[in-house]
Amino acid sequence: MTTTMPRSPYGIVSYATYLPRHRVMRDELGTALGVRAGRGARVAASFDEDSTTMGVEAARRLRPAPPAPASLYFATTSPAYLDKTNACALHAALGLPGDTFAADLAGSARSGIAALRAAGLDGGLAVLSDVRTGRPGSADERDGGDGAAAFLFGAADAAVAEILAHTSATAEFLDRWRTPGSPSGEQWEERFGLERYLPLIEDTAQRALKAAGTGQPDHVLLVSPNAAVRKRAPKVYPARLSASGSPLGYSGAADAGLALADVLDRAGADETILLLSAADGCDALLLRTTDRLPSARQHDSLARQLAEGRPVPYPTYLTWRGWLEREPPRRPEPDRPAGPPSARGEGWKFGFTGSRCESCGFVHLPPARVCKDCGAVDAMAAVPLAGTTGTVATYTVDRLAHSPSPPLIDAVVDFDGGGRCTLEIADTAAGELDAGVRVEPVFRRLHTAGGVHNYFWKARTTAGSKGSAAADTSEREGTA
């Protein structure tokens, strides 16, 4: 079955990507398992990150911030929950109004294109995020990557890229699959999938160009869960293919979004981009950039994020993904978060919103009804702090607390403009922290207990922030 969609009145008005800081070095992976793993590094989500938290971080980077989009579509092949809508957590963390429709498009690689298509039809927000997990030493582990991309659609006259055409072809054949509950996927012989995909790619590409009345695109991108398609397609279409897959490796439902964002980081005005996604058929999305793009690119390019990062030992990575079970701390495991208090504290827990006393200006974290400074009652204004930065006042390193990646570091943070609270530190080693270090809030998962994820905010050192940890950190370390 094939379809061709009419030209959309909406276009991409803002886009952003998020890549985790951690990197698994492929040479270490190869040495540990005695396999060929290639060069470079694999982008790896931390133990406290999942598709939901990465999706939040990508959407938070949109500039300007979303002015209450009509809808929010969240695409992933690694949902944190089934039955429950994961997009609701993004909705709450982004502070979107209650009448914004939020839904998941989850379970298949094609859901990424589905989210872009849906948001492009009604001027919504598409968030594509995935954590790719494969068996130790597998191609999925070695060549995969974790990341997220967000695209805000709006009026075409304000777009950085307008949609010219969208065509699709659907076909049923067994290529890649994963049964519910399985930590890794399976695949048929790659050549079989390649033979089925190539004619579908050619068909959807030609129909998209014909529908838009354009000639050879300036950029042609191809993403697919089938590795043979990514490898062989450049040889089949050598004169037309600009890139095969996203720069960080196959990233599931986020792959199409990350590949598109990478081109938007580099493309000039009035250039055409043909995005082809071969997954359970093929989808073609044809766009044309506008003169707004050069001045409205995302602040931190995908290439720059990919070049940064910190190595994580391969055994630690295996522990994070559940492939290596290690001795837990001799402390009780945390209790399951309860639904009622989480719902009552939604603004604080998900939106990181405090309160400011309108009488004296004192900022309360968490929010309070009675001012701790002047005693005023119910004279508070909401203060969102997710987009602010702060300074570490003091910190402690707890080597006995229950954590998938000990030690646990807690810091007292003074936020710019007022407010002080204690937050767990993310993506930072104990030796890199000190009083005076600048930090920013990040949405993370504190723990999972009883099948319930406890989402909240942590603090992460900002780019270029360095702590003089060598200055006698032993005096600051202790146990909670």
Side-chain angles (χ1 to χ4, degrees), residues 18 20-22 44-50 52-54 56-57 60 80 89 92-93 310 312 316 319-320 326 328-338 341-342 345-354 364-367 384-416 419-449 452-463 465-467 469 473 476-480:
Y18 169 76
R21 280 188 175 179
H22 293 94
S46 182
F47 71 96
D48 56 358
E49 294 183 294
D50 58 22
T52 297
T53 65
M54 293 194 302
V56 169
E57 289 304 314
R60 288 180 60 218
R310 60 181 62 220
V312 58
T316 299
T319 303
W320 291 354
R326 300 173 64 176
R330 299 297 184 183
R331 289 287 181 91
E333 295 187 6
D335 295 329
R336 182 176 70 175
S342 296
E346 178 184 331
W348 166 247
K349 180 176 175 59
F350 290 94
F352 201 50
T353 299
H364 300 78
L365 302 178
L385 291 171
T388 64
T389 54
T391 303
V392 172
T394 186
Y395 72 97
T396 181
V397 179
D398 190 339
R399 303 186 184 279
L400 299 178
H402 190 280
S403 172
S405 187
L408 186 148
I409 308 173
D410 280 324
V412 176
V413 179
D414 290 326
F415 284 94
D416 301 345
R420 166 182 277 199
C421 70
T422 301
L423 295 175
E424 186 176 335
I425 298 296
D427 300 343
T428 306
E432 300 170 340
L433 205 63
D434 204 351
V437 167
R438 299 287 291 168
V439 295
E440 60 184 353
V442 289
F443 190 68
R444 293 295 172 93
R445 191 179 61 211
L446 294 185
H447 62 265
T448 299
V452 179
H453 305 304
N454 188 17
Y455 291 114
F456 189 56
W457 296 78
K458 296 185 179 182
R460 183 176 69 172
T461 56
T462 59
S465 180
K466 296 181 179 179
T473 59
R476 305 182 190 275
E477 295 181 4
T479 56

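Values below: every heavy atom of this structure, side chains too, minus hydrogens, waters and symmetry copies.
Taken from CD in Glu440 to CZ in Phe415, the straight-line distance is 10.5 Å, to the nearest 0.5 Å. In this structure, CG in Asn454 is found 3.5 Å from NZ in Lys349, a value given to the nearest 0.5 Å. To the nearest 0.5 Å, atom OG of residue Ser46 and atom NZ of residue Lys458 are 7.0 Å apart. From Leu365, atom CG reaches atom CH2 of Trp348 across 4.5 Å, with rounding to the nearest 0.5 Å. One finds the CZ atom of Arg21 at 5.5 Å from the CZ atom of Arg310 (value rounded to the nearest 0.5 Å). The CG atom of Asp48 sits 12.5 Å away from atom NE2 of His447, with the distance rounded to the nearest 0.5 Å.
Ring geometry, Tyr455 versus Phe443: the interplanar angle falls under 30°, so the pair is classed parallel (tilted spans 30 to 60°). The aromatic rings of Phe47 and Trp320 are tilted relative to each other, their planes meeting at an angle between 30° and 60°.
Residues passing the side-chain hydrogen bond (donor to acceptor under 3.5 Å, both in side chains) test with Ser403: none are found, sequence neighbours excluded. With sequence neighbours excluded, the residues satisfying side-chain hydrogen bond (donor to acceptor under 3.5 Å, both in side chains) with Thr389 are Asp416, Arg438. Under the salt bridge (charged side-chain N to carboxylate O under 4.0 Å, His left out) criterion, Arg336 pairs with no residue at all, not counting sequence neighbours. Residues passing the side-chain hydrogen bond (donor to acceptor under 3.5 Å, both in side chains) test with His364: none are found, sequence neighbours excluded. Qualifying salt bridge (charged side-chain N to carboxylate O under 4.0 Å, His left out) partners for Arg445, counting only residues two or more places apart in sequence or in other chains: Asp50. Legend: residues meeting side-chain hydrogen bond (donor to acceptor under 3.5 Å, both in side chains) with Glu49, ordered by chain and number and at least two apart, are Tyr18, Arg444.
Counting all heavy atoms, side chain and backbone alike, Ile425 lies closest to Thr428 at CG2-CB, 3.6 Å. Among all heavy-atom pairs drawn from Ala449 and Pro334, the shortest one is CB-O, 3.4 Å.
Under the side chain to side chain contact (heavy atoms under 4.5 Å, CB included) test applied with Tyr395, the options Asp410, Ile409, Val413, Leu423 reduce to a single match, Ile409.
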